[in-house]
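One structure below.
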There are 2 protein chains.
Amino acid sequence: MSARVVPEGSRQRRRPTKQGAVLSERLIVDTALRLVAQHGAEALSVRRLGAALGADPSALYRYFRNTDALLLAIADELIGRAQEGWEATGDWRADLRAMGLRIHRSYLAQPQAALLAAHRTTGRPHETRAVEKILGILRDGGFPDPLAVRVYHAFVDQALAFAAQDAAAAALPEAAGEADTEVWGEVYGRLPAETHPHIAATYPLLAADMQGSGYPFALELMLTALEALHPDTGGGAEKGHTKRK
Amino acid sequence: MSARVVPEGSRQRRRPTKQGAVLSERLIVDTALRLVAQHGAEALSVRRLGAALGADPSALYRYFRNTDALLLAIADELIGRAQEGWEATGDWRADLRAMGLRIHRSYLAQPQAALLAAHRTTGRPHETRAVEKILGILRDGGFPDPLAVRVYHAFVDQALAFAAQDAAAAALPEAAGEADTEVWGEVYGRLPAETHPHIAATYPLLAADMQGSGYPFALELMLTALEALHPDTGGGAEKGHTKRK
DNA sequence: GACCTTACGTCAACACCATTGACGTGTAAA
DNA sequence: TTTACACGTCAATGGTGTTGACGTAAGGTC
């Protein structure tokens with residue numbers, strides 16, 4: 001027990017570590033991201049992070065209750081970086097596209113960290129700012145509230161889900177990553193037309209397309225559909241209602 | 001080294017374990033899934049799996065080169081379960097919808113395992129069968145090959161990405177899961193209208209909508225867009241071309 | 001400038017993890 | 001019946017997150 005847990009972020013006593021480093025939430029997150037970027041997700045352990053900081057591993061527990069809390073801080077940092085220096089233009093179609101691609105790109109820039117973080121809701125400042133921004137794009141763009149909310153949900157989850165999916169591919173522990181890639185040549189390239197006619201017929205196209213991310217196209221599809229649902233252009237009531245609750 | 005690695009799946013010598021169990025790839029995968037379903041993803045360790053099987057942990061390495069190989073086997077089993085007892089009807093829209101929801105549901109039924117597996121390409125039989133099936137739906141449905149392939153990619157990645165995303169929410173280590181849920185009430189419910197007007201204005205709708213999965217709606221959006229791209233209905237050339245390579 | 005409180009960095013320990021090399025036994029083939 | 005070796009077991013290695021106890025130096029107070 002004890003009041004071991006973290007004190008609030010503002011006032012600390014800041015005693016330098018044995019090796020001279022002065023810790024802070026900020027420094028720890030940045031170091032973690034650097035560590036992960038340089039040596040892969042598997043390099044992110046409390047011990048290694050401690051070493052990279054020049055501090056005893058257990059010192060981290062003065063700043064984060066556990067590794068999960070650290071993870072959330074990292075996640076929020078990635079969300080923040082996605083929005084850095086960007087403002088909405090007022091064209092909801094272009095703005096959504098930009099937002100989606102930015103989130104996707106930001107996470108992919110740190111695939112190892114993204115993988116750990118993309119599934120979480122942080123509730124931290126960068127995240128709430130992004131939520132506010134996207135909702136604003138939709139509401140100012142003319143989507144009525146109930147629709148705006150549903151679209152927000154689908155849009156954000158799709159961006160994050162694809163980010164995680166693609167990050168996973170980029171972040172796999174080397175060996176596994178090669179295995180995944182090889183599968184497309186070794187297995188799918190050799191399937192006979194008798195048993196798998198469709199794969200055999202489209203294999204060259206398939207192999208080429210699977211190289212990249214499916215997200216940009218999926219995003220365009222979503223935007224196309226949204227245009228149809230938009231009250232001004234598509235006529236909101238006719239097509240949008242799916243049967244699910 | 002030694003020829004420790006796995007012998008091929010067919011002929012084995014099957015000596016019963018000390019506790020009387022007779023191991024097999026099949027039994028191991030099933031036990032792993034049961035273990036994960038009952039005690040969560042974190043319960044899936046070589047040691048615990050060994051214990052659940054009634055065997056020495058290291059015996060697993062006679063069947064799978066490492067834990068990653070075991071994971072792929074688990075992933076393929078989930079893909080298999082998604083298709084079990086379903087056949088295409090010939091209506092591409094309905095078939096895609098069914099496939100997508102089935103994959104999503106199958107993975108969510110084993111969220112802990114899905115989380116570990118949804119990002120991988122297995123190249124195993126169940127997977128190739130699913131790929132063949134989906135490509136068939138699109139090609140038989142009248143999509144020209146290049147478009148069919150792009151759509152396949154976006155569709156499959158969307159299904160798997162959302163499956164992982166939603167599985168993650170369902171699979172979080174209890175404590176973290178509660179934290180994520182609470183955030184919606186504690187943080188987003190209290191944001192003042194001055195700083196976050198859009199969130200404040202739509203909060204009740206938001207909180208309600210974020211409860212469920214964004215996938216069904218995202219899937220409907222994709223299907224709507226596909227209708228527009230389909231050569232017969234939409235007029236293939238006019239809208240589909242995005243600028244990405 | 002001296003005192004006191006306590007935040008926080010350090011140490012040591014615990015219980016867990018994946019993986020591997022050596023070993024010998026029981027099985028299936030000859 | 002004999003033989004070969006597949007495969008289950010054992011023991012050990014070097015990793016992991018986390019916690020309780022401890023003492024020191026920093027900050028506020030006088």
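Quick note on labels: first sequence line is chain A, next is B, and so on, each numbered from 1.
Side chain A/S58 to base C/dC11: a donor-acceptor pair is found below 3.5 Å. At a cut-off of 3.5 angstrom, counting only N and O atoms as typed in the model, there is a donor on one side and an acceptor on the other between the side-chain of A/R47 and the base of D/dG17.
Ion pairing between a basic and an acidic side chain is recognised when a charged N comes within 4.0 Å of a carboxylate O; B/E42 and B/R48 show no such pairing. Note on B/K18 versus B/D56: no salt bridge recorded, every NZ/NE/NH1/NH2 to OD/OE distance being 4.0 Å or above.
In this entry the distance linking CZ of B/R62 with C1' of C/dT19 reads 13 Å, nearest Å. If you measure from atom CZ of B/R48 to atom P of C/dC16, you get 8 Å, rounded to the nearest angstrom. As rounded to whole Å, 13 Å separates atom P of C/dC8 from atom CZ of A/F64. The distance between atom CG of A/D56 and atom P of D/dT24, rounded to the nearest whole Å, is 16 Å.
Ring orientation note: the planes of A/F162 and A/Y215 are tilted relative to one another, at an angle of 30° to 60°.
The phosphate of C/dT25 (OP1 or OP2) has no side-chain N or O of B/K18 nearer than 4.0 angstrom. Neither OP1 nor OP2 of D/dG20 sits under 4.0 Å from any side-chain N or O of A/Y61.
A donor-acceptor contact shorter than 3.5 Å links the side chain of A/E132 to the backbone of B/I199.
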